[in-house]
Amino acid sequence: MISRGYVAVFSEPHDDGSVRKILDSWLTRFEKVEQVVPGVQAGNTTTAIQKPQDLMPADHMQFRVIQGGDFAWVYLTRNRRVVETTGLPSEKISLCLDVLLELPGVTEIVDQHDDRRLDELERDGLM
């Protein structure tokens with residue numbers, strides 16, 4: 001399966017407030033947002049996010065953003081400055097890129113195939 005992915009670098013580390021701002025952006029732009037239930041159920045259960053306050057805080061969070069028949073997975077960690085996405089490629093803009101556009105605090109978006117830049121981010125402790 002061919003996938004597409006991006007890493008967004010933010011100016012500040014994520015906390016519950018910044019994650020709620022991200023959710024607010026997605027809720028206004030996309031059809032549906034779900035969060036993978038954190039904890040021992042992680043990866044098995046998702047719950048719909050209707051408003052930013054529905055966030056289930058955790059150290060590691062995973063979301064699915066849905067638009068029509070397309071979806072993107074989004075991964076972030078509290079106190080880190082990156083958000084990673086994966087999804088399917090598209091002739092237009094891939095949803096896994098679109099979910100990162102217009103987010104507050106994004107300073108850079110890196111394609112998953114830019115190994116040189118991803119290695120730099122990892123070396124700098126951002127990933």
Side-chain angles (χ1 to χ4, degrees):
M1 175 185 209
I2 298 174
S3 69
R4 191 85 188 147
Y6 296 90
V7 173
V9 180
F10 287 73
S11 57
E12 299 292 326
H14 299 294
D15 59 21
D16 291 347
S18 67
V19 176
R20 286 187 177 102
K21 288 178 184 176
I22 290 170
L23 291 173
D24 187 49
S25 174
W26 292 339
L27 289 166
T28 59
R29 296 187 297 137
F30 303 108
E31 290 175 13
K32 188 172 184 180
V33 177
E34 300 172 337
Q35 182 176 4
V36 175
V37 176
V40 294
Q41 310 92 328
N44 296 326
T45 306
T46 62
T47 185
I49 300 287
Q50 303 294 325
K51 57 190 180 304
Q53 294 75 18
D54 292 341
L55 172 70
M56 291 179 284
D59 286 338
H60 305 284
M61 292 176 255
Q62 181 177 346
F63 300 93
R64 180 168 49 191
V65 179
I66 301 167
Q67 185 69 19
D70 198 7
F71 66 90
W73 289 106
V74 182
Y75 312 90
L76 67 90
T77 299
R78 183 193 313 265
N79 297 319
R80 293 289 190 161
R81 292 181 34 215
V82 299
V83 168
E84 298 180 54
T85 67
T86 60
L88 298 174
S90 173
E91 290 180 14
K92 300 178 185 177
I93 187 168
S94 292
L95 186 59
C96 59
L97 173 59
D98 200 13
V99 298
L100 298 174
L101 301 177
E102 301 180 28
L103 292 181
V106 173
T107 60
E108 176 183 13
I109 296 176
V110 181
D111 187 288
Q112 72 178 10
H113 298 295
D114 188 346
D115 292 330
R116 181 192 58 77
R117 182 62 181 134
L118 293 174
D119 288 344
E120 289 172 353
L121 293 173
E122 190 168 348
R123 186 183 63 238
D124 293 343
L126 295 175
M127 295 186 61

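Atom OG of Ser3 sits about 5.0 Å away from atom CD of Gln112, to the nearest 0.5 Å.
The stretch residues 97-109 participates, sequence neighbours left out, in these side-chain hydrogen bond (donor to acceptor under 3.5 Å, both in side chains) pairs: Glu108-Arg117. Applying the ring pair (Phe, Tyr, Trp, His ring centres under 6.0 Å) test to every pair with at least one member in residues 48-69, sequence neighbours left out, gives these pairs: Trp26-Phe63.
Scanning for side-chain hydrogen bond (donor to acceptor under 3.5 Å, both in side chains) contacts around Asp114 gives an empty result, with sequence neighbours left out. Listed by chain and residue number, Glu34 satisfy the side-chain hydrogen bond (donor to acceptor under 3.5 Å, both in side chains) test with Lys32 (two or more places apart in sequence, or in another chain). Listed by chain and number, the residues in a side chain to side chain contact (heavy atoms under 4.5 Å, CB included) with Asp119 amount to none (sequence neighbours excluded). Residues satisfying the side chain to side chain contact (heavy atoms under 4.5 Å, CB included) criterion with Lys51, sequence neighbours excluded, are Gln53, Asp54. Every residue two or more places apart in sequence or in another chain that forms a side chain to side chain contact (heavy atoms under 4.5 Å, CB included) with Pro57 is listed here: Asp16, Arg20, Leu55, Arg78. Partners of Ser25 according to the side-chain hydrogen bond (donor to acceptor under 3.5 Å, both in side chains) rule, which considers only residues two or more places apart in sequence or in another chain, are Arg29. Annotation: side chain to side chain contact (heavy atoms under 4.5 Å, CB included) contacts of Arg123 (sequence neighbours excluded): Glu120. Residues passing the salt bridge (Lys or Arg N to Asp or Glu O under 4.0 Å) test with Asp24, sequence neighbours excluded: none.
Between the side chain of Glu31 and the backbone N or O of Ile66, no donor-acceptor pair lies under 3.5 Å. Under the 3.5 Å distance criterion, the side-chain polar atoms of Arg81 are left unmatched by any main-chain donor or acceptor of Val9. Checking side-chain atoms of Gln67 against main-chain N and O of Leu95 turns up no donor-acceptor pair under 3.5 Å.
Side-chain contact check for Val110 versus Leu118: some heavy-atom pair is nearer than 4.5 Å. Between Arg4 and Asp111 the shortest side-chain heavy-atom distance falls below 4.5 Å.
Just one residue in the list Val33, Val74, Val83 forms a side-chain contact (heavy atoms from CB on, under 4.5 Å) with Val99, and that residue is Val74.
The two residues Leu27 and Ile49 make their nearest non-hydrogen contact at CD2-O, 3.3 Å.
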